[in-house]
Amino acid sequence: MVLEEILLPAEEIGRKVEELAREINQDYAGRRVTVVGVLKGAYVFVADLLRHLDPLLEVRLDFISVSSYGNAQKSSGEVRLLKDLEESVEGKNVLLVEDIVDTGLTLDYLCRLLWARRPADLRVCVLLDKRSRRVVKVPLDYVGFVIPDRFVVGYGLDCAGMYRHLPYVAAVRVEE
Ligand code: IMP
């Protein structure tokens with residue numbers, strides 16, 4: 001695997017996360033919110049985003065884990081639930097936080113799963129949107145960056161389980 005270029009430096013991501021948090025603070029003012037982070041990819045984004053949420057907001061945090069691509073770079077179209085939420089979301093305002101939306105299959109699966117549990121409201125926040133690759137329409141309420149069709153790592157995103165620790169988002173090329 002070759003790191004080709006840094007697409008989003010850490011400072012740029014930091015500014016965007018603050019911007020998204022400002023929007024979320026306004027939209028949820030006076031309400032409770034249950035943030036659902038999608039593991040593992042969204043762990044850095046969730047951690048940064050939550051620290052910019054209004055201290056007066058009643059924020060709960062839960063995690064859900066679904067299978068991603070494994071070692072391949074193509075979506076198999078099959079999504080598997082690896083770890084469920086710990087608390088019920090029935091009647092709650094849920095904010096689903098995901099690292100990246102590519103084909104949309106993972107988010108579509110997660111939204112169906114969560115809506116079936118009758119939350120009061122469900123909104124979706126993604127850091128990265130590979131819009132050109134979408135095969136299923138998913139409503140996105142908060143979007144950090146629309147990125148080109150390149151495989152990216154860093155800021156929580158991996159390639160074969162590695163590079164999640166990079167503070168920036170970089171495009172990679174995987175050699176056969
Ligand atoms: P989708 O189901 O095709 O929208 O893919 C979403 C999931 O695929 C994400 O949660 C990531 O785990 C993974 N993914 C998609 N594109 C990338 C990428 O460029 N780098 C790392 N993971 C990716």
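First listed ligand is number 1; within each ligand, the first listed atom is number 1. No experiment lies behind these values; they were computed from the predicted model shown. We number each residue from 1, following the sequence as shown.
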Please confirm whether the backbone N or O of [Y] pairs with a side-chain atom of [X], one donor and one acceptor, at under 3.5 Å?
| X | Y | result |
| --- | --- | --- |
| K130 | I100 | no |
| R32 | V59 | no |
| N25 | D54 | yes |
| S67 | R80 | yes |

Distance filter under 4.0 Å to [X] heavy atoms, resulting ligand 1 atoms:
| X | value |
| --- | --- |
| E98 | 10 (O) |
| L105 | 2 (O), 4 (O) |
| D99 | 9 (C), 10 (O) |
| T103 | 1 (P), 2 (O), 3 (O), 4 (O) |

Return the option from [options] holding the heavy atom at the smallest distance from [atom].
| atom | options | answer |
| --- | --- | --- |
| atom 7 (C) of ligand 1 | T106, D102, D149 | T106 |
| atom 18 (C) of ligand 1 | Y163, Y109, F151 | F151 |
| atom 19 (O) of ligand 1 | E78, R133, R164, K130 | K130 |

Does [X] reach ligand 1, in the sense of a heavy atom lying below 4.0 Å from it?
| X | result |
| --- | --- |
| L107 | no |
| G104 | yes |
| V153 | no |
| R150 | yes |

Decide salt bridge (charged side-chain N to carboxylate O under 4.0 Å, His left out) for R22 and E19; before the verdict, give the C-alpha distance in whole Å, the side-chain angles of both, and the deciding distance to 0.1 Å.
CA-CA 5 Å; R22 268 199 299 277; E19 212 177 282; 5.1 Å; no
Output all residues satisfying salt bridge (Lys or Arg N to Asp or Glu O under 4.0 Å) with K137, sequence neighbours left out; order by chain, then residue number.
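With neighbours one apart ignored, the set is empty.
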Is it the side chain (CB and beyond), the backbone, both or neither of L157 that lies under 4.0 Å from ligand 1, heavy atoms counted?
side chain
Applying a heavy-atom cut-off of 4.0 Å, say which part of D158 lies close to ligand 1: side chain, backbone, both or neither.
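Backbone only.
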Between L113 and I64, is any pair of side-chain heavy atoms under 4.5 Å apart?
yes
Show the atom names and distances, to 0.1 Å, of all donor-acceptor pairs under 3.5 Å that link a side chain in residues 35-49 to residues at least two apart or in another chain.
| from | atom 1 | to | atom 2 | distance (Å) |
| --- | --- | --- | --- | --- |
| D48 | OD1 | R51 | NH2 | 2.7 |
| D48 | OD2 | Y155 | OH | 2.6 |

Test: D62 and R60 ion pair at under 4.0 Å:
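Judged by the 4.0 Å cut-off on N to carboxylate O distance, D62 and R60 do not form a salt bridge.
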